[in-house]
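What follows is a set of notes on a single structure, which appears directly below.
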Amino acid sequence: MTLKESQKVRTRFAPSPTGPLHIGGLRTALYAYLYAKRHQGDFLLRIEDTDQNRLVEGSYEIIVESLKWCGINLDESPENPGKFGPYIQSQRKEIYQKEIQKLLENGSAYYAFDSEEEIQAFRERTKSENNGFSLPYNFQTRNTMKNSLTMSDREVAEAIKTLPYVIRLKIDAHNDVSFYDEIRGEMHFDAAQLDDRVLMKSDGMPTYHFANVVDDHLMEITHVIRGEEWLNSTAHHILLYKAFGWEPPVFAHLPLILKPEGQGKLSKRDAEAAGFPIYCVAWQNPSTLEISDGYREKGFLPEAFINFMALLGWNDGTETEIMNLETLIKRFSLDRVHKSGAKFNYEKALWFNQQYILNLPDEKLLEELEGHLDKNRCIITSENLIHYVRTYKPRIQFISEISSIGDYLLYPIEKMDLETFGKKWSPDFLSYIQEFTALIQNTAFELLEEANKALINSHQLKMGQIMPILRLLLSGTTQGPSIYEQIQILGAKNAIQRLNEIPKI
RNA sequence: GCUCCGUUCGUCUAACGGUUAGGACUCAAGAUUUUCAUUCUUGCAAUAGGGGUUCGAUUCCCCUACGGAGUACCA
């Protein structure tokens, strides 16, 4: 909005590698991606690993793999760098060291030498004057602390050599900040409520706030699209841009994804309790060895998953719900993103998946089936597998189910419902069955149903009587597709063989 | 506590200040099917509460209630 029209749109996803990509992060990435692509821009991945203590091994790989599975392409990333690298913050230390000097020099930042204990004491001390909540370290309180604003130049020079220190952003009474959020609208913060946030930690690493602002500027990010949890800190970020004399990017703060029951942000616990995955792809925690399910492994189609996620907090204003990535890109806009959080609805995610499965070309499903088929045991000819796929497509919820849902047709029958068979069976059926098998042998598949109805009539049998028996003989169960579809899948030879194997009761 | 944000069917959501408040998921009933699934039809179900402004408020303003986020040398 404040940016020149000519500037190329660049958005980024900037996770910290503390675990796999969960659905909240995925949606943030998705929106940033959609926005960039909508405007023919670039989308890049930057890893924010400034807190080395929280790193979890393998996070980076799984984040990249998750994005890839979802079809979200990275124009620039650590392994595919553009001209703005490195794309991993821990490798950009010198850059931050250099940039912080500018702020120190122009007086926007200052050294603070307060020890952990002193900060703790400060908090305890100020609690009494603020309803049990400690006062912020800011222009109203910093004069009571040990920092380069309260010490002489000599003391400071000495302290820098001997004491651990942090560098804080200097915010003064006149630093009220206003900015426009693409989703929330006009925002305003009073300087008095802002703290002099730490920019550089005592270990020499930047904090999120500093690294983020520096990198977004250096990487020419035009639109910062991120979660609502950053809304309050944006005031600090704006002040940082000002301190540098840089033009801030456009900000857009996304609403949170809430737990399905009750209230609050969706957590791993909630998802597990409700029985749905929270991660895009499955993941094993390297320290606890705990394995978490993923949408990919569960049998979701990435297109369905993306479609569902996109609609959690955004819609295009029409009644269209089924939209592939390409359509989403065409229709996405930040001004139709909601302000309030959305409860996660797994039922609806399942529905999307089913819709996408229904629309899947038979060949795709066939591939999936063939990938998991036990070819040695399979009794179906490869030409007939396509019938199997067509028949079972509307009956599965997850793509992974295709190889197991009709196992009684693919392989020899393992479970025969003898109890029902015993109840329904009558030796009078034998002559009918004999004629029916002959019918199968001599009748084109398309005519079989009509012919069989006539046959049943001529034997003076009722559909409800004989059908369950045929089902049982063909598949071992009374449920499932029509017997004609089953016969088509099995092929005449298999079908006749099964019909002739009458269980002894 | 303080700061910021939010509130339409159970859920996701639509509605230039004027609609019988629309759609989707779920659920229920029905049609189709020998059964299951798909498909189709129908039904149930909402503007948090209270004040304004207005001829008229889901829509604008205020208050209350409720919910969320932030309030770290974590991101």
Side-chain angles (χ1 to χ4, degrees), chain A residues 14-18 48-51 53-54 89 112 114-116 119 123 127 130-137 164-168 181 183-185 187-190 192-195 197-209 211-212 226-235 253 255-256 258 260-265 308 311-322 336 338-352 354-355 357-358 391-397 405 453 456 462-471 475 477-483:
Chain A
S16 54
T18 53
E48 311 223 326
D49 58 347
T50 53
D51 186 353
N53 301 319
R54 299 206 318 155
Q89 287 186 332
D114 315 278
S115 68
E116 222 171 285
I119 291 284
R123 294 211 172 109
K127 263 186 187 174
N130 194 217
N131 282 50
F133 288 82
S134 52
L135 255 23
Y137 196 121
Y165 62 84
V166 299
I167 299 174
R168 288 180 180 270
D181 185 281
I183 293 167
R184 318 258 147 186
M187 301 286 303
H188 181 85
F189 292 89
D190 289 336
Q193 84 203 28
L194 269 23
D195 66 332
R197 200 149 290 191
V198 171
L199 265 18
M200 290 298 254
K201 301 187 265 191
S202 54
D203 65 358
M205 278 295 222
T207 59
Y208 167 85
H209 307 287
N212 194 264
R226 73 215 323 187
E228 186 187 312
E229 67 268 29
W230 298 110
L231 188 56
N232 285 273
S233 316
T234 305
H253 288 94
L256 265 17
L258 278 15
E261 307 285 343
Q263 66 259 356
K265 198 162 102 170
F308 169 69
L311 257 25
L312 214 55
W314 171 85
N315 71 82
D316 72 345
T318 73
E319 285 177 358
T320 314
E321 291 198 291
I322 303 292
R336 290 200 66 93
H338 279 203
K339 292 185 175 75
S340 50
K343 289 189 176 182
F344 188 82
N345 183 189
Y346 189 56
E347 295 289 332
K348 188 121 188 195
L350 293 176
W351 178 79
F352 270 101
Q354 189 176 39
Q355 293 304 304
I357 288 175
L358 250 17
T391 295
Y392 283 98
K393 186 152 78 167
R395 278 163 243 259
I396 55 172
Q397 199 157 40
I405 186 165
K453 278 180 180 163
I456 288 171
K462 286 185 183 140
M463 291 290 247
Q465 246 183 316
I466 193 63
M467 280 304 194
I469 289 295
L470 296 180
R471 294 185 153 279
S475 65
T477 164
T478 53
Q479 299 236 314
S482 84
I483 61 157

- Item | Whole angstrom value for the distance that separates C1' of B/rU39 from NZ of A/K393 | 14 Å
- When rounded to the nearest 0.5 angstrom, what distance separates OH in A/Y392 from CZ in A/R395? 7.0 Å
- Task: Any chance you could measure A/I183, atom CD1, to A/H338, atom NE2, to the nearest 0.5 Å?
- Result: 10.5 Å
- Query: Would A/F133 count as stacked on B/rG1 if the rule is ring centres under 5.5 Å and plane angle under 30°?
  - Reply: yes
- Does B/rC60 have a Watson-Crick or wobble mate here (both distances under 3.5 Å), and if so which one? B/rG52
- Query: What is the distance, rounded to the nearest whole Å, between atom CG of A/L194 and atom P of B/rC4?
  - Reply: 11 Å
- Message: Using a heavy-atom cut-off of 4.0 Å across all strands, would you classify A/H338 as base, sugar-phosphate, or nothing?
- Response: sugar-phosphate
- Short side-chain to backbone donor-acceptor contact, A/D49 and A/P17, under 3.5 Å: no
- Between the side chain of A/N130 and the main-chain N/O of A/G132, is any donor-acceptor distance below 3.5 Å? no
- Message: Using Watson-Crick or G-U wobble geometry with both distances under 3.5 Å, which nucleotide pairs with B/rC9?
- Response: none
- Message: Under 4.0 Å, counting only non-hydrogen atoms across every strand here, what does A/G480 touch: a base, just sugar-phosphate, or nothing?
- Response: base
- Partner nucleotide, any strand, of B/rG43 [Watson-Crick/G-U, under 3.5 Å]: B/rC27
- Item | Among B/rC74, B/rU35, B/rC4, the nucleotide that comes nearest once only the side chain of A/S482 is considered | B/rU35
- Query: Looking at the side chain of A/R471, which of B/rU34, B/rC25, B/rC73 is the nearest nucleotide?
  - Reply: B/rU34
- Item | Interatomic distance at C1', B/rU11 relative to B/rU26, whole Å | 8 Å
- Query: Nearest of B/rA24, B/rA75, B/rC25 to any side-chain atom of A/E321?
  - Reply: B/rA24
- Across the strands shown, which category fits A/R184 at heavy-atom distances under 4.0 angstrom: base, sugar-phosphate, nothing? sugar-phosphate
- Message: Students often get this wrong, so: under 4.0 angstrom with heavy atoms, is A/Q355 touching a base, only sugar-phosphate, or nothing?
- Response: sugar-phosphate
- Task: Please report the shortest heavy-atom distance between A/L231 and A/F189, naming the atom on each side.
- Result: O-CZ, 4.0 Å
- Note on the structure: Quick note, A/K201 side chain, CB onward, closest among B/rU3, B/rC25, B/rC74 is B/rC74
- Task: Classify the nucleic acid contact of A/R123 as base, sugar-phosphate or nothing, counting any heavy atom under 4.0 Å across all strands shown.
- Result: sugar-phosphate
- Query: Hey, does A/P481 reach any base, or is it just sugar-phosphate, or nothing, if we go heavy atoms under 4.0 Å?
  - Reply: base
- Looking at the side chain of A/K343, which of B/rA15, B/rU11, B/rA72 is the nearest nucleotide? B/rU11
- For A/G313, report the nucleic acid contact type (base, sugar-phosphate, nothing); a contact means any heavy atom under 4.0 Å. sugar-phosphate
- Query: At under 4.0 Å between heavy atoms, what does A/M187 touch on the DNA or RNA strands: base, sugar-phosphate, or nothing?
  - Reply: sugar-phosphate
- Choose from B/rU13, B/rC73, B/rA69 the nucleotide whose nearest atom is closest to any side-chain atom of A/K265. B/rA69
- If you measure from the P atom in B/rA24 to the same atom in B/rG70, how many Å do you get, rounded? 36 Å
- Item | Nucleotide nearest A/K339 (side chain, heavy atoms from C-beta), chosen from B/rU3, B/rC5, B/rC73 | B/rC5
- Query: Now, which nucleotide makes the Watson-Crick or G-U wobble pair with B/rC4, with each of the two distances under 3.5 Å?
  - Reply: B/rG68
- Base of B/rC73 paired with side chain of A/S202 (donor-acceptor, under 3.5 Å): yes
- Query: The side chain of A/S233 lies closest to which of these nucleotides: B/rA75, B/rU35, B/rC25?
  - Reply: B/rA75
- Base, sugar-phosphate, or nothing: which does A/F308 touch, judged by heavy atoms less than 4.0 Å apart? nothing
- Note on the structure: Regarding the side chain of A/L256, the nearest nucleotide among B/rU34, B/rC12, B/rA69 is B/rA69
- Query: Atom CH2 in A/W230, atom NE2 in A/H209: separation rounded to 0.5 Å?
  - Reply: 6.0 Å
- Integer-rounded Å distance: B/rA24 C1' and A/D316 CG: 13 Å
- Message: Under 4.0 Å, counting only non-hydrogen atoms across every strand here, what does A/T391 touch: a base, just sugar-phosphate, or nothing?
- Response: nothing
- One should read off an interatomic distance between A/M467 CE and A/K462 NZ, to the nearest 0.5 angstrom, of 15.0 Å
- Message: Taking the P atom in each of B/rU20 and B/rC25, what is the distance between them to the nearest angstrom?
- Response: 25 Å
- Message: Counting only Watson-Crick pairs (N1-N3 plus N6-O4 or O6-N4) and G-U wobbles (N1-O2, O6-N3), all under 3.5 Å, who is the partner of B/rU19?
- Response: none
- Task: Check whether the side chain of A/K348 and the base of B/rA24 form a donor-acceptor pair under 3.5 Å.
- Result: yes
- Atom CD of A/E229 and atom P of B/rA72: how far apart are they, to the nearest Å? 16 Å
- Message: As an exercise, state the distance from OG1 of A/T478 to CG of A/L470, rounded to the nearest 0.5 Å.
- Response: 12.5 Å
- Query: Could you state the CZ-P distance from A/F352 to B/rC12, rounded to the nearest angstrom?
  - Reply: 14 Å
- Message: Looking at A/R395 and B/rU38, is any side-chain donor or acceptor paired with a base atom of the opposite kind under 3.5 Å?
- Response: no
- Message: Tell me the interatomic distance from A/Q354, atom CD, to B/rU38, atom C1', rounded to whole angstroms.
- Response: 8 Å
- Contact class for A/V166 vs. all strands (heavy atom < 4.0 Å): base, sugar-phosphate, or nothing? base
- Here the distance between atom C1' of B/rG67 and atom CG of A/L258, to the nearest Å, is 8 Å
- Item | B/rU38 pairs with, by Watson-Crick or G-U criteria that keep both distances under 3.5 Å | none
- Nearest 0.5 Å, what's the NZ-CG distance between A/K348 and A/L311? 7.0 Å
- Message: Tell me the interatomic distance from A/R336, atom CZ, to B/rC16, atom P, rounded to whole angstroms.
- Response: 9 Å
- Query: Counting side-chain heavy atoms from C-beta on, which of B/rU39, B/rC73, B/rU3 comes nearest to A/L358?
  - Reply: B/rU39
- Under 4.0 angstrom, heavy atoms only, what part of the nucleic acid is A/M463 near: base, sugar-phosphate, or nothing? sugar-phosphate
